Chemist: 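If you scroll down you'll find the structure; I have some questions about it.
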Amino acid sequence: AGKIVADTLEHSTAGSVTTDYVVNGSAKAWANLNGQGTIALRDSFNQSSTTDNSSGDYTFNLASSMSDGDYGFTTSGCAGNTSSSLVVLVKSASQYGTPSNQTSSACQVTCHNYVNTATDTGAVYPIFHGDLA
């Protein structure tokens, strides 16, 4: 097994960045989930699976865990094809006062329509930032 040790990465025309920025500033996981019907990941990085808990309620499971449950997690959503899902409000479990649903290996989100009813969503985009274990 080889090893590369570097403090800076440099591109011939785009400039350079310290490796600390790459290690600490890059997303450690992300996904593009089809949240309607039979849910399926369209594309992802560091996602082992996604669980469909109930209508509009998903758990994103990481392949490589974060160092603890105190990482940054953001999610956005894209509406489906019906008028009841024109606006999507995505709430993380921690917004409900239950941060235990955000662990080092998974995070739960619930998608709501414009009348605040949990609803399956055409696309859900979670992004994880923090330190890997």
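Quick caveat, the model's predicted, so the values are computed rather than measured.
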Chemist: Would you say that Asn61 contacts Thr51 through its side chain, given a criterion of any heavy-atom pair below 4.5 Å between the two side chains?
Modeler: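 Side chain of Asn61 against side chain of Thr51, heavy atoms only: contact under 4.5 Å found.
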Chemist: Out of curiosity, Ser49 OG to Ile39 CD1, how far, rounded to the nearest 0.5 Å?
Modeler: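 Here the interatomic distance stands at 8.5 Å.
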Chemist: Could you list all the side chain to side chain donor-acceptor pair (under 3.5 Å) pairs where at least one residue sits in residues 6-16, not counting sequence neighbours?
Modeler: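 Sorted result for residues 6-16: His11-Thr13.
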Chemist: Tell me, do Asp120 and Tyr58 make a side-chain contact under 4.5 Å, heavy atoms counted?
Modeler: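 Yes, side chains in contact.
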Chemist: Taking the side chain as every heavy atom from C-beta outward, state whether Val109 and Phe60 have any atom pair closer than 4.5 Å.
Modeler: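 Yes; the side chains approach each other to less than 4.5 Å.
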Chemist: On a heavy-atom basis, which atom in Arg42 and which in Ala123 lie closest, and how many Å separate them?
Modeler: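 What the structure gives for the nearest pair is NH1-CB, 3.5 Å.
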Chemist: Kindly compute the distance separating CG (Asp57) from OG1 (Thr121), expressed to the nearest 0.5 Å.
Modeler: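 Nearest 0.5 Å value for the CG-OG1 distance: 10.5 Å.
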Chemist: In terms of the angle between their ring planes, are Tyr71 and Phe128 parallel, tilted or perpendicular, with boundaries placed at 30° and 60°?
Modeler: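 Judged by the thresholds at 30° and 60°, the geometry between Tyr71 and Phe128 is tilted.
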Chemist: Contact between Tyr125 and Leu33 at the side-chain level, heavy atoms closer than 4.5 Å - yes or no?
Modeler: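 Tyr125 vs Leu33: side chains apart.
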Chemist: Do you know the tightest heavy-atom contact between Gln47 and Ala31?
Modeler: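 Looking at all heavy atoms of both residues, the shortest contact is CG-CB, 3.9 Å.
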Chemist: Give the C-alpha distance, both sets of side-chain angles, the deciding distance and a yes or no for side-chain contact (heavy atoms from CB on, under 4.5 Å) between Met66 and Asp131.
Modeler: CA-CA 6 Å; Met66 304 299 279; Asp131 297 325; over 6 Å; no
Chemist: Do Gln102 and Gln108 have side chains that approach each other closer than 4.5 Å (heavy atoms only, starting at C-beta)?
Modeler: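 With C-beta onward as the side chain, the pair stays apart.
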Chemist: What's the shortest heavy-atom distance between Ala29 and Asn46, and which atoms?
Modeler: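 Where Ala29 meets Asn46 most closely, the heavy atoms are CB-CB, 3.8 Å.
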Chemist: Drop me the distance from Asn53's CG to Thr110's OG1, to the nearest 0.5 angstrom.
Modeler: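 Reported value, rounded in 0.5 Å steps: 8.0 Å.
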Chemist: If Ile, Leu, Val, Met, Phe, Trp and Tyr residues are connected whenever their side-chain heavy atoms lie under 4.5 Å apart, and connections chain through other members, are Phe73 and Leu41 in the same group?
Modeler: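 In one cluster: yes.
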Chemist: Kindly indicate whether the side chain of Thr19, heavy atoms from C-beta on, has any atom under 4.5 Å from the side chain of Leu9.
Modeler: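 The answer is yes, as the side chains (C-beta and beyond) meet within the 4.5 Å cut-off.
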Chemist: What distance separates Ser67 OG from Leu132 CG, expressed to the nearest 0.5 Å?
Modeler: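 It is 8.0 Å, given to the nearest 0.5 Å.
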Chemist: Using 0.5 Å steps for rounding, measure from the CG atom of Leu62 to the OG1 atom of Thr103.
Modeler: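 Output value for this atom pair is 7.5 Å.
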Chemist: With side chains defined as the heavy atoms from C-beta onward, is the minimum distance between Cys111 and Val124 less than 4.5 Å?
Modeler: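 Side chain of Cys111 against side chain of Val124, heavy atoms only: contact under 4.5 Å found.
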Chemist: How many angstroms lie between atom OG of Ser55 and atom CD of Gln36, to the nearest 0.5 angstrom?
Modeler: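 Nearest 0.5 Å value for the OG-CD distance: 10.0 Å.
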